[in-house]
**Student:** 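Here it is, the structure in full.
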Amino acid sequence: MSPRNAAATARASRREPVRIDLGLQGGGSHGAYTWGVLDRLLEEPWLQIEGVSGTSAGAMNAAVLVAGHAAGGAEGAREALETFWGQVAHAGRFSPLRRGPIDILLGRWSLDSNPAYMALDLASRMFSPYDMNPTGLNPLSSILAQTVDFDRLATAPIKLFVTATNVRTGRLRIFRNKDVTPDALLASACLPFMFQAVELNGEAYWDGGYAGNPPMMPLVRECDSEDTILVPINPVERPGIPRTAREIINRVNEVSFNASLLKELRMIAVLRRVANPGDAEGARWAGMRIHMIASEIMTSLGVSSKLNAEWEFFIFLRDEGRRKADEFLAAHADNIGRRSTVDIEKLLSD
């Protein structure tokens with residue numbers, strides 16, 4: 001931590017506690033960036049987390065954080081997050097989806113030149129997961145069972161909101177603390193081209209990113225905090241025009257997975273202009289203070305790196321998350337609890 005950052009965070013640490021909510025996007029292995037952001041925020045005792053809304057990898061991070069915090073406070077949450085990502089890396093150590101020698105030599109994190117990835121990418125366009133994975137095996141199932149205490153999660157003081165997309169209706173489904181199970185988390189991260197839909201109580205679910213990534217609604221309606229820190233994974237803007245098939249598919253997914261969040265942020269911007277003070281819910285939306293901890297590095301990472309489960313990659317992303325969170329706190333710690341640090345009005349200028 002730089003002297004300037006240290007001075008700023010030391011000054012902020014003497015503040016009265018401020019309640020915050022967290023909104024965590026999904027993005028496969030890129031969720032290790034969110035781990036780093038959370039690891040840094042948990043070092044600040046004045047930041048009191050009231051609620052967490054998460055989708056896909058963001059839902060995994062959220063559940064691990066909430067259960068770990070219930071067991072051992074902030075340090076318990078930090079240890080739980082490190083254990084979870086360590087287990088994911090351990091499970092993937094013999095996976096054929098690893099970087100080749102040239103990628104390692106050039107310092108690239110993508111799997112674009114990996115034969116197994118190229119074969120999987122092609123097969124996913126011709127065959128469904130019901131053909132390629134008829135047993136519905138998902139290695140994350142056992143990892144979640146080992147790293148998340150779901151009984152403790154059900155009664156944890158931090159409110160948890162996990163999002164999945166109902167395949168039949170296309171609507172989002174919010175799972176709250178007592179409803180969150182390993183299958184609910186797998187449903188939130190169920191990419192339909194890779195995994196069979198997860199069935200819960202007679203309904204089938206896909207990745208929550210299609211309906212809310214992450215949804216702000218439960219944070220506004222069910223939490224008292226007026227400050228939400230968003231941790232985005234999918235770049236909102238990307239320079240240039242995608243021209244290869246892989247680039248086009250990647251950008252389509254980014255646009256799709258950002259659409260619902262941008263819609264809610266635009267609604268907040270509109271309500272700030274027209275909210276009726278007598279309309280309690282409208283005023284609540286309009287009064288939300290929004291903050292964001294994003295990294296330009298996410299724009300440089302290709303879609304294939306979302307399947308890279310190497311521990312070295314996770315550490316790289318974790319350290320980047322910590323760095324960006326540290327910069328955010330140095331610049332904006334005094335604004336939390338007072339004013340938004342994201343200019344939502346710009347979203348209305350397009």
**Student:** Would you say Leu191 and Tyr205 are hydrophobically clustered, going by side-chain heavy atoms of ILVMFWY under 4.5 Å?
**Tutor:** no

**Student:** For the residue pair Ser56 / Asp207, report whether a side-chain donor-acceptor contact shorter than 3.5 Å exists.
**Tutor:** yes

**Student:** Identify the heavy atoms of Ser260 and Gly212 that sit nearest to each other, and give their distance.
**Tutor:** OG-CA, 3.2 Å

**Student:** For the side chain to side chain contact (heavy atoms under 4.5 Å, CB included) test, which of Asn253, Asn258, Thr299 pairs with Asn234?
**Tutor:** Asn258

**Student:** Crowded around Trp85 CH2? As in, over 12 foreign heavy atoms under 6.0 Å?
**Tutor:** yes

**Student:** State the CD1-CG distance between Ile49 and Leu42, to the nearest 0.5 angstrom.
**Tutor:** 5.0 Å

**Student:** The criterion is side chain to side chain contact (heavy atoms under 4.5 Å, CB included); which residues satisfy it with Ala57, sequence neighbours excluded?
**Tutor:** none

**Student:** Tell me the closest heavy-atom pair linking Ile290 and Ser340, and the distance in Å.
**Tutor:** N-OG, 2.9 Å

**Student:** Would you indicate whether Leu106, at its atom CG, is surrounded by more than 12 heavy atoms from other residues, nucleotides or ligands within a distance under 6.0 Å?
**Tutor:** yes

**Student:** Using a distance-only test with no angle check, is there a side-chain donor-acceptor pair under 3.5 angstrom linking Asp103 and Ser113?
**Tutor:** yes

**Student:** In this structure, is the centre-to-centre distance between the rings of Tyr210 and Phe257 below 6.0 Å?
**Tutor:** yes

**Student:** Which pair of non-hydrogen atoms, one from Leu24 and one from Pro214, has the smallest distance, and what is that distance?
**Tutor:** N-CG, 3.5 Å

**Student:** Hey, quick one: are Trp35 and Ile20 part of the same hydrophobic cluster, counting side-chain heavy atoms closer than 4.5 Å, chains of contacts allowed?
**Tutor:** yes

**Student:** If you take all heavy atoms of Pro129 and Gln196, which pair is closest and at what distance?
**Tutor:** CB-N, 3.8 Å

**Student:** Could you report the tightest heavy-atom contact between Trp206 and Ala197, atom names first, then the distance?
**Tutor:** NE1-CB, 3.6 Å

**Student:** Search all heavy atoms of Ile293 against all heavy atoms of Tyr33 and return the closest pair with its distance.
**Tutor:** O-OH, 3.1 Å

**Student:** Same cluster for Phe328 and Met298 if Ile/Leu/Val/Met/Phe/Trp/Tyr side chains link at under 4.5 Å?
**Tutor:** yes

